Every structure is written in structure tokens, then in C-alpha cells.
Trainee: 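Got a structure for you, questions after.
Bear in mind the structure is a predicted one, so any value in this text is a computation, not a measurement.
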Amino acid sequence: MTQGFDEIRVDEVEAGTVITLVFNDTITKEDYDYFVPQLETFTASREKIRLLIELRDFNGITPGALWEDTKFGFRHFDDIEKLAIVGESRWEKVMTQFIKPFTKAVVKYFDRTQLNRAEKWIRNGNT
């Protein structure tokens, strides 16, 4: 297992494919090397995906991981329909604003206490 990446879950719902990525601690380039190929399998076989990112005890992202995230965003600019980020701090909420120019997805931040609300939003057919 990698340092910050903890889990990937895939759910097929009426509105489409929901992929949940769970991270703990610090996200590294090695984390991206591990989970991006899995994500790309789904983006290649579906029209659009919905992505829920859960950050638990999050301590940041390394420069190498940030570069991988930017490259992923450019490659999959049109592939993600909705993106929910669930976190615990103000800077994670600000990070959500930083992501918006790199995707056509509807991006929304939820506090950790609103995880159920985020899950309902990401599964809902409306954007």
C-alpha cells in the first residue's frame, strides 16, 4: 500500500459510475502511480464518471503528486461529471476552488461531518 492512498470503491448507480478515493496523511506521487491506472480503466470504458475524494487526517500533497494531479486533470478534463471533496479544514476547501479550472466537472466541497450529504449529492442524477 502507498503512503496516503487508502482505498478505492466503485459503485454503479442510476446516474452513472461513482468512484470513491480515500486518502490518509500525505498524498505522494507513488499514490498517483498506484490509483491513476485504475481510474483510467474506468474513464476509458465509460462516458463520464463521478468522483468522491475523502481526505482523512490529511497533511497535504507533495509537489510530485501535485504535478501528477495536474497532468491527470488535463488528460481527463471532460471525463469527470461531478467531483465531491470531503475534508476537515479550511485549506482543503480552498483547494477545491483551485481544482475548478482544471475540470469541466461540477466541483463541491463538504466538511467531514457532511460525508452522507456528499455521498447523496454525488449519486444524484442532477448536477
Trainee: What do you reckon, is NZ of Lys71 surrounded by more than 12 foreign heavy atoms closer than 6.0 Å?
Mentor: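 It does: Lys71 NZ has more than 12 such atoms within range.
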Trainee: Evaluate the side-chain contact (heavy atoms from CB on, under 4.5 Å) criterion for residues Lys48 and Asp78: first the C-alpha distance (whole Å), next the side-chain angles of each, then the deciding distance (0.1 Å), finally the verdict.
Mentor: CA-CA 8 Å; Lys48 300 270 184 190; Asp78 293 325; 4.2 Å; yes
Trainee: How long is the span from the OG1 atom in Thr43 to the CD1 atom in Ile80, to the nearest 0.5 Å?
Mentor: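 Thr43 atom OG1 to Ile80 atom CD1 measures 8.0 Å (nearest 0.5 Å).
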Trainee: How are the rings of Phe110 and Trp121 set to each other: parallel, tilted or perpendicular (split at 30° and 60°)?
Mentor: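 Correct class here is tilted.
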Trainee: With Lys82 as reference, evaluate Ile49, Asn124, Val107, Leu51 under the side chain to side chain contact (heavy atoms under 4.5 Å, CB included) test and give the passing residue.
Mentor: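 So, applying the side chain to side chain contact (heavy atoms under 4.5 Å, CB included) to Lys82 and each of Ile49, Asn124, Val107, Leu51, only Asn124 qualifies.
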Trainee: Could you tell me whether Glu47 atom CD has more than 12 heavy atoms of other residues or ligands within 6.0 Å of it?
Mentor: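 No, the 6.0 Å shell around CD holds no more than 12 heavy atoms from other groups.
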Trainee: So which heavy atom on Asp33 is nearest to which on Pro37, and how close?
Mentor: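 Result for this residue pair: O-CD, 3.3 Å.
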Trainee: Just by modelled atom types, is the Asp57 backbone N or O under 3.5 Å from a matching donor or acceptor in the Glu88 side chain?
Mentor: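 Present.
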Trainee: Determine whether Phe23 and Ile61 satisfy the following criterion, side-chain contact (heavy atoms from CB on, under 4.5 Å), listing intermediate values before the conclusion.
Mentor: CA-CA 10 Å; Phe23 296 96; Ile61 183 167; over 6 Å; no
Trainee: Please lay out, stage by stage, how Leu52 and Glu119 fare under the test side-chain contact (heavy atoms from CB on, under 4.5 Å).
Mentor: CA-CA 8 Å; Leu52 175 75; Glu119 289 172 337; 3.9 Å; yes
Trainee: Heavy atoms only: give me the nearest Phe77-Thr103 pair and the separation to one decimal.
Mentor: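 In terms of heavy atoms, the two residues are closest at CE1-N, 3.4 Å.
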Trainee: Ignoring hydrogens and angles, tell me if any N or O in the side chain of Thr17 forms a donor-acceptor pair with the backbone of Val13 under 3.5 Å.
Mentor: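 No; judged by distance alone, with no hydrogens or angles, the pair does not exist.
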Trainee: What distance separates Leu83 CG from Lys104 NZ, expressed to the nearest 0.5 Å?
Mentor: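 Between Leu83 CG and Lys104 NZ, I get 16.0 Å after rounding to 0.5 Å.
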Trainee: What residue among Asn24, Thr26, Asp25 forms side-chain hydrogen bond (donor to acceptor under 3.5 Å, both in side chains) with Asn59?
Mentor: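 Testing each of Asn24, Thr26, Asp25 against Asn59, the sole residue satisfying side-chain hydrogen bond (donor to acceptor under 3.5 Å, both in side chains) is Asp25.
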Trainee: Taking only Lys NZ, Arg NE, NH1 and NH2, and the carboxylate oxygens of Asp or Glu, determine whether Glu54 and Arg112 approach each other closer than 4.0 Å.
Mentor: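 Looking at Glu54 and Arg112, the cut-off is met.
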Trainee: Could you tell me the separation between the OH atom of Tyr34 and the CD1 atom of Ile8, rounded to the nearest 0.5 Å?
Mentor: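 Spacing of OH (Tyr34) from CD1 (Ile8) equals 8.5 Å.
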Trainee: Is Val22 reachable from Phe35 through a run of I, L, V, M, F, W or Y residues, each pair having side-chain heavy atoms under 4.5 Å apart?
Mentor: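 Not linked; separate clusters.
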Trainee: Does the distance from a Lys or Arg side-chain N to an Asp or Glu carboxylate O, for Asp11 and Arg123, drop under 4.0 Å?
Mentor: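 Salt bridge between Asp11 and Arg123, a charged N being under 4.0 Å from a carboxylate O: yes.
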Trainee: Report the distance from atom CZ of Arg50 to atom OG1 of Thr20, rounding to the nearest 0.5 Å.
Mentor: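 Answer rounded to 0.5 Å: 12.5 Å.
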Trainee: Is a side-chain N or O of Tyr109 found less than 3.5 angstrom from the main chain of Ala84, in a donor-acceptor match?
Mentor: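 Here the side-chain-to-backbone pair does not exist.
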Trainee: Are Trp67 and Val36 connected in the hydrophobic side-chain network, where two residues link if heavy atoms are under 4.5 Å apart?
Mentor: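 No, Trp67 and Val36 fall in different hydrophobic clusters.
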Trainee: One pair to check against salt bridge (Lys or Arg N to Asp or Glu O under 4.0 Å): Glu40 and Arg75. What are the steps and the verdict?
Mentor: CA-CA 10 Å; Glu40 290 184 333; Arg75 275 195 317 270; 3.0 Å; yes
Trainee: Of all heavy-atom pairs between Thr28 and Ala65, which one has the smallest distance, and what is that distance?
Mentor: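 That would be C-CB, 3.4 Å.
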Trainee: State the CG-CG distance between Asp69 and Asp31, to the nearest 0.5 angstrom.
Mentor: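 That separation rounds to 11.5 Å.
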Trainee: Say you draw a straight line from CZ of Phe42 to CG of Asp79; how long is it, rounded to the nearest 0.5 Å?
Mentor: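 The CZ atom of Phe42 sits 13.5 Å away from the CG atom of Asp79.
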